[in-house]
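Below is one structure, written out as structure tokens; comments come after it.
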Amino acid sequence: MDLYQHFRAEEQPFIDQVLDWRDQVERQYTPVLSDFLDPREQLIFRSIIGYDERFNLTFHGGYERSERKRAILAPFYEDVKEEDYNLSILQGQYNAKFVSLSHRDLLGTVMSLGLHRKKLGDLIVEDGQFQIICDHDLAMYLQMNIDKIKNTRINLHEASQEDILTASYEWKEKDGTVSSTRLDAILKEIYQISRQKAQQLIEKEAVKINHRTVNNSSFSLQPGDLISLKSYGRSQVVDILGETKKQKIRIKTAKLN
């Protein structure tokens with residue numbers, strides 16, 4: 001059976017990477033640590049490794065409900081510890097009375113340094129403070145190069161695991177039916193907008209899937225896909241549950257409250 005037929009063409013490089021990691025662990029009997037993976041990549045990783053008893057596949061992103069996680073693929077007998085994920089938690093403060101800081105502001109500042117998103121985990125913004133979860137080897141570079149966000153001086157320091165902020169948002173799950181897994185059809189269901197409105201937003205490049213802009217209304221969504229719709233918020237395709245008797249597709253989605 002062709003493994004690639006179950007995934008998108010653009011996901012093939014990541015699939016090849018997972019297969020390389022699997023072969024490496026099998027040949028060398030040493031664990032492999034991935035970069036930060038989005039939920040879709042985590043699902044692909046699990047799908048490929050499956051229930052192969054030769055391996056121990058675990059994920060960690062700093063806290064239980066983290067969205068972006070690093071994976072460790074190890075021989076089945078390896079005991080994986082929290083410190084093996086090589087994470088750092090950087091924390092900063094700002095005056096919430098005078099400055100409004102969003103997740104987008106924080107991400108934009110970090111990415112302006114020319115970094116790749118895969119080196120960064122979750123970014124958590126609460127009233128007056130924020131945290132950046134990142135690769136430990138990147139922490140000092142961020143501390144040295146980020147001293148201002150939105151013209152506000154900030155000072156980054158390393159926080160302990162016990163001090164990690166828990167994101168205040170909550171995913172609200174919902175079951176529904178759609179005519180197809182096309183992007184416009186699923187946007188219509190999740191955000192309760194017309195299909196025409198969904199298509200207009202897609203054409204205006206207001207939609208990102210797994211942090212990548214998608215401007216094709218017929219783009220087919222799959223379980224694990226993260227959706228960001230400008231001005232409407234973030235959501236996720238949790239699962240595709242099969243067809244109804246009327247040949248509609250049953251899906252489970254989640255939306256941020």
Side-chain angles (χ1 to χ4, degrees), residues 1-15 18-19 22 34 36-53 55 57-61 63-69 71 73 122 167 169-202 206-257:
M1 182 181 294
D2 184 3
L3 175 65
Y4 299 112
Q5 69 179 345
H6 301 289
F7 303 100
R8 301 184 181 114
E10 61 267 26
E11 293 170 338
Q12 182 171 331
F14 180 69
I15 295 167
V18 171
L19 294 175
R22 186 183 66 182
S34 78
F36 288 94
L37 308 177
D38 63 40
R40 175 65 183 167
E41 290 169 327
Q42 295 166 39
L43 185 147
I44 292 172
F45 210 152
R46 288 193 186 95
S47 298
I48 293 173
I49 300 303
Y51 298 98
D52 194 323
E53 296 181 351
F55 303 104
L57 175 62
T58 57
F59 297 88
H60 184 55
Y63 61 106
E64 184 178 354
R65 291 169 53 202
S66 60
E67 179 180 292
R68 296 177 61 79
K69 303 177 190 290
L73 182 64
D122 285 7
Y169 58 76
E170 182 179 354
W171 290 97
K172 184 176 181 180
E173 291 191 352
K174 176 187 173 184
D175 288 351
T177 59
V178 290
S179 58
S180 75
T181 58
R182 282 173 52 114
L183 178 57
D184 54 358
I186 290 183
L187 290 182
K188 176 178 181 288
E189 167 64 22
I190 293 175
Y191 296 100
Q192 297 298 293
I193 57 178
S194 70
R195 197 155 177 176
Q196 182 180 12
K197 177 66 173 178
Q199 290 169 351
Q200 291 172 349
L201 290 167
I202 294 166
V207 183
K208 289 186 176 181
I209 306 298
N210 302 326
H211 309 291
R212 302 173 185 88
T213 300
V214 174
N215 55 15
N216 180 5
S217 294
S218 64
F219 183 86
S220 180
L221 293 175
Q222 298 183 19
D225 281 337
L226 281 173
I227 303 167
S228 176
L229 181 57
K230 190 174 182 179
S231 301
Y232 286 81
R234 301 172 68 222
S235 60
Q236 183 178 2
V237 178
V238 178
D239 202 0
I240 296 176
L241 305 171
E243 289 190 355
T244 67
K245 292 180 180 179
K246 295 184 178 180
Q247 296 185 324
K248 291 276 190 176
I249 298 173
R250 295 171 52 242
I251 61 170
K252 181 185 290 292
T253 60
K255 188 172 181 290
L256 279 183
N257 282 347

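The salt bridge (charged side-chain N to carboxylate O under 4.0 Å, His left out) test applied to Lys174 returns Glu189, not counting sequence neighbours. Asp38 is linked by a side-chain hydrogen bond (donor to acceptor under 3.5 Å, both in side chains) to nothing, counting only residues two or more places apart in sequence or in another chain. Shown here are the salt bridge (charged side-chain N to carboxylate O under 4.0 Å, His left out) partners of Asp52, two or more places apart in sequence or in another chain: Arg54. Residues passing the ring pair (Phe, Tyr, Trp, His ring centres under 6.0 Å) test with Phe219: none are found, sequence neighbours excluded. The salt bridge (charged side-chain N to carboxylate O under 4.0 Å, His left out) test applied to Arg182 returns Asp184, not counting sequence neighbours.
Residues Thr181 and Val237 form no side-chain contact, since every pair of their non-hydrogen atoms from C-beta on lies 4.5 Å or further apart. Here the side chains of Gln236 and Glu67 are not in contact, with every heavy-atom distance at 4.5 Å or above. Within the 4.5 Å cutoff, side-chain heavy atoms of Pro223 are placed close to those of Asp239. Between Ile202 and Leu183, the closest side-chain pair of non-hydrogen atoms falls below 4.5 Å.
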Quiz item: Yes or no on side-chain contact (heavy atoms from CB on, under 4.5 Å) for Tyr191 and Ile227, after CA distance, side-chain angles and deciding distance?
Solution: CA-CA 11 Å; Tyr191 296 100; Ile227 303 167; 4.0 Å; yes
| message | Using side-chain contact (heavy atoms from CB on, under 4.5 Å), reason through Ile49 and Arg22 one step at a time and then give a plain yes or no. | response | CA-CA 8 Å; Ile49 300 303; Arg22 186 183 66 182; 4.0 Å; yes
Practice item. Using the side-chain contact (heavy atoms from CB on, under 4.5 Å) rule, take Leu229 and Ile190 through it: C-alpha gap first, then chi angles, then the decisive distance, then the call. Key: CA-CA 11 Å; Leu229 181 57; Ile190 293 175; over 6 Å; no
TODO: Please test Ile251 against Leu221 for side-chain contact (heavy atoms from CB on, under 4.5 Å), starting from the C-alpha separation and ending with a verdict.
DONE: CA-CA 11 Å; Ile251 61 170; Leu221 293 175; over 6 Å; no
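Summarising the geometry of Ser179 relative to Ala185, their closest heavy-atom pair is OG-CB, 4.1 Å, with the distance given to 0.1 Å. Looking at every heavy atom in both residues, Phe45 comes nearest to Ala71 through CE1-CB, 3.6 Å.
Judged as a side-chain hydrogen bond (donor to acceptor under 3.5 Å, both in side chains), the pairs with a partner in residues 240-252 (not counting sequence neighbours) are, in order, Asp175-Lys252.
Asn210 places a side-chain N or O within donor-acceptor distance of the main-chain N or O of Leu226, the cut-off being under 3.5 Å. Checking side-chain atoms of Gln222 against main-chain N and O of Ile240 turns up no donor-acceptor pair under 3.5 Å. Ser66 contributes no side-chain N or O that, together with a main-chain N or O of Lys69, makes up a donor-acceptor pair within less than 3.5 Å. The backbone N or O of Ser220 lies less than 3.5 Å from a partner atom in the side chain of Arg8, making a donor-acceptor pair.
The distance from atom CD1 of Ile186 to atom CG of Asp225, rounded to the nearest 0.5 Å, is 8.5 Å. The distance from the NZ atom of Lys255 to the OH atom of Tyr232 is 10.5 Å, given to the nearest 0.5 Å. The distance from atom CD of Glu41 to atom CZ of Arg68, rounded to the nearest 0.5 Å, is 7.0 Å. Distance check, rounded to the nearest 0.5 Å: CZ of Arg46 to CZ of Phe59 gives 4.5 Å. Here CG of Leu57 is found 11.5 Å from OH of Tyr51. Values are rounded to the nearest 0.5 Å. Going from atom OG of Ser235 over to atom NZ of Lys172 covers 14.0 Å, rounded to the nearest 0.5 Å.
Between Glu10 and Arg212 there is no salt bridge, since no side-chain N of the basic residue sits under 4.0 Å from a carboxylate O of the acidic one.
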